[in-house]
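Order of the sequence lines fixes the chain letters, A, B, ..., with proteins taken first and strands second; residue numbering starts at 1 for each chain. What you see is a predicted model; the values in this text were computed from it and never measured.
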Amino acid sequence: MSKQKPSIPKGTRDFQPEEIARRNYIFNSIQGVFELYGFKPIETPAMENLSTLMGKYGEEGDRLIFKILNSGDYLSKADDNLLGEKDSLRVSNQISEKALRYDLTVPFARYVVQHQNEITFPFKRFQIQPVWRADRPQKGRYREFFQCDADVIGSDALFNEVELLQIIDTVFTHLGLSITIKINNRKILAGVADYIGFPDKIIDITTAIDKLDKIGLEKVNEELMERGLNINAISALQPVLQLKGNHQEKIMQLKAVLNTSELGKKGIAEIEEIFSILDINPLKSNVELDLTLARGLNYYTGAIIEVKANDAKMGSICGGGRYDDLTGIFGLPGLSGVGISFGADRIYDVMLELNLFPRNILTFSEVLLVTFGNEEHKYAQKVLSEFRANGIKSELYPDLAKMKKQIQYADKNKIPFVLIIGTDEIASGKLALKNMKTGEQNLMSADEIIEYLKQYKKQ
RNA sequence: GUGCCUAUAGCUCAGUAGGUUAGAGCAUCAGAUUGUGGUUCUGAGGGUCGUGGGUUCGAGCCCCAUUAGGCACCCCA
């Protein structure tokens, strides 16, 4: 027993074989749908240049970026004055020039700019990789987690927004998870900010009204006040905060309010078009127009999408939106992108809580061969090769151990069948196949067993 | 970055009012059973009670500090 227990950093996790099986089920489902819609995979490095990431996620985001210390004698190159002043922020820029990626969108923008001449636009890419955030972990929040992103870059068509909604719908329908898709439009929010006379306060306004669900109308108004709005502006905002009805009704009300704002009208037109396409070809999931949906990164310029699980208390499990000029900051202006990101780890937590994982994904080996002695073990090795040649996941207990121990191994590993090989079986050519669930045992030839297991697998 | 809570075996926890050698369940390993698991019975290993200091004749328990973890806020998948 070692005195110092080994551990892993807060907010990170080890994954056991069963967990990997369940996680792969989620990843494979999402990837399958991405591919079905014509998206192509890319990967980018775990670390980016710090300068690529800094300033892209707002002040709060910058703080949550994991920075990587330079190699070598990095302190010798740092400014003595800054070190003396203990100015962490500025010192960190001198001793770190790499960082772990914070999301997949900004690295993708970097990728697009860097490979612009090798890319055919519109470019539809998907990417399933871990990201890291130096946040304080809590429920549903990790410091290392996987995002599954699909983005279309180089196309303004709202058709893309609709396709992304269809992808969301297909994925969650396949996973058996009941969800609500909330959509909004940044242009409408900008129109609202315009309309109440504080166009440059859009970020303050959106982050405040995003909390409506959580803290209620009064607190939101208080916060708006603190963020510098006046009474008139806040009262002008009230009709928007209290929109009621289905999406047609909400749109009607918005039209009445925002008729003076060109940007606002454009946003409404976009929302209308998306809903009109969805009306023709409806999704299985519920889609809601939610004006208080404002979260997300400040680079969104059009649609904002968020998905919540209906039957679990969990933050958003998928989010996305349109960003008109993401690549502009890397020197390639005029390219519009729209994308979504599935939070695989939160989906996992919700599915586990709701018991939505199918049983059969947990099967690793289908059959365990057990023997009584040296001769039988050699014979079993031949049978084992045949099984594997026929695509049956199988293993032979490696040691000459007691029957009890061998069968216990099958039980604990949830192997559904045990093949018992003894001298009698070898002599007759009929091997004893035991069903671990029912306890039934049948004598069959190796070929018959292969057929039987193939049939069993199909069920 | 702010606030609150927790810390005893691999895991989940009990531990009375401060009193001898700190317990249970699960898990692990072995045996009961020389060709049969999941249910039973028996046994074994595993702890400087997160760490450091203090109060006391005596501390797992009380006090202080420190570290780690969890939850909420901020923000976010």
| query | Within the modelled atom types, does a donor on one side and an acceptor on the other bring the side chain of Glu425(A) and the base of G35(B) under 3.5 Å apart? | reply | yes
| task | Describe the nucleic acid contact of Gly61(A) in one word from base, sugar-phosphate, nothing, applying a heavy-atom distance below 4.0 Å. | result | nothing
| field | G69(B) phosphate, OP1 or OP2, under 4.0 Å from Lys10(A) side-chain N/O | value | yes
| query | With sugar-phosphate meaning primed atoms plus P, OP1 and OP2, does Asp345(A) contact a base, only sugar-phosphate, or nothing at under 4.0 Å between heavy atoms? | reply | nothing
| said: With a 3.5 Å limit on both atom pairs, tell me what G23(B) is paired to, counting Watson-Crick and G-U wobble, or say none. | reply: C13(B)
| message | So that I know where these two stand, are Phe126(A) and Phe34(A) an aromatic pair - ring centroids less than 6.0 Å apart? | response | yes
| query | Which part of the nucleic acid does Gln441(A) contact within heavy-atom distance under 4.0 Å: base, sugar-phosphate only, or nothing? | reply | base
| query | Looking for any heavy atom pair under 4.0 Å, which part of the strands does Gly58(A) touch: base, sugar-phosphate only, or nothing? | reply | nothing
| field | Check: Tyr452(A)/Asn442(A) side-chain N/O donor and acceptor closer than 3.5 Å | value | no
| query | Can a side chain N or O of Lys211(A) be found less than 4.0 Å away from OP1 or OP2 on C75(B)? | reply | yes
| Does A32(B) have a Watson-Crick or wobble partner in any strand here, with both distances under 3.5 angstrom, and which is it? | U40(B)
| request: Would you mind classifying the nucleic acid contact of Lys437(A) as base, sugar-phosphate or nothing, using non-hydrogen atoms under 4.0 angstrom? | output: base
| query | Looking for any heavy atom pair under 4.0 Å, which part of the strands does Gln408(A) touch: base, sugar-phosphate only, or nothing? | reply | sugar-phosphate
| field | Check: Arg22(A)/Tyr348(A) side-chain N/O donor and acceptor closer than 3.5 Å | value | yes
| request: List the steps, then state whether side chain to side chain contact (heavy atoms under 4.5 Å, CB included) holds for Glu366(A) with Phe417(A). | output: CA-CA 6 Å; Glu366(A) 293 155 280; Phe417(A) 290 98; 5.7 Å; no
| task | Quick one: label Gln138(A) by what it contacts on the DNA or RNA (base, sugar-phosphate, nothing), any heavy atom closer than 4.0 Å. | result | base
| Checking all strands, does Lys434(A) fall into the base, sugar-phosphate, or nothing category for heavy-atom contacts under 4.0 angstrom? | base
| said: Could you go through Lys430(A) and Asp424(A), starting from their C-alpha distance and side-chain angles, then the distance that decides it, and tell me whether this counts as salt bridge (charged side-chain N to carboxylate O under 4.0 Å, His left out)? | reply: CA-CA 8 Å; Lys430(A) 299 271 186 186; Asp424(A) 297 352; over 6 Å; no
| note | note: Asn374(A), atom CG; G35(B), atom C1'; distance rounded to Å ~ 17 Å
| field | Separation between the P atoms of A27(B) and U39(B), rounded to whole Å | value | 8 Å
| Assigned partner base of G1(B), Watson-Crick or wobble definition, under 3.5 Å | C73(B)
| note | If pairing means Watson-Crick or G-U wobble with both distances under 3.5 Å, then the partner of G52(B) is C64(B)
| task | Look at all strands and tell whether Tyr142(A) reaches a base, only sugar-phosphate, or nothing, counting heavy atoms closer than 4.0 Å. | result | base
| task | For Phe145(A) and A77(B), say yes or no: do the ring centres fall under 5.5 Å of each other while the ring planes differ by less than 30°? | result | yes
| query | Taking a pair as Watson-Crick or G-U wobble with both distances under 3.5 Å, which nucleotide is matched to A59(B)? | reply | none
| query | Is any side-chain N or O of Lys412(A) closer than 4.0 Å to OP1 or OP2 of U28(B)? | reply | yes
| said: By the 4.0 Å heavy-atom rule, please label Ile317(A) as base, sugar-phosphate, or nothing. | reply: sugar-phosphate
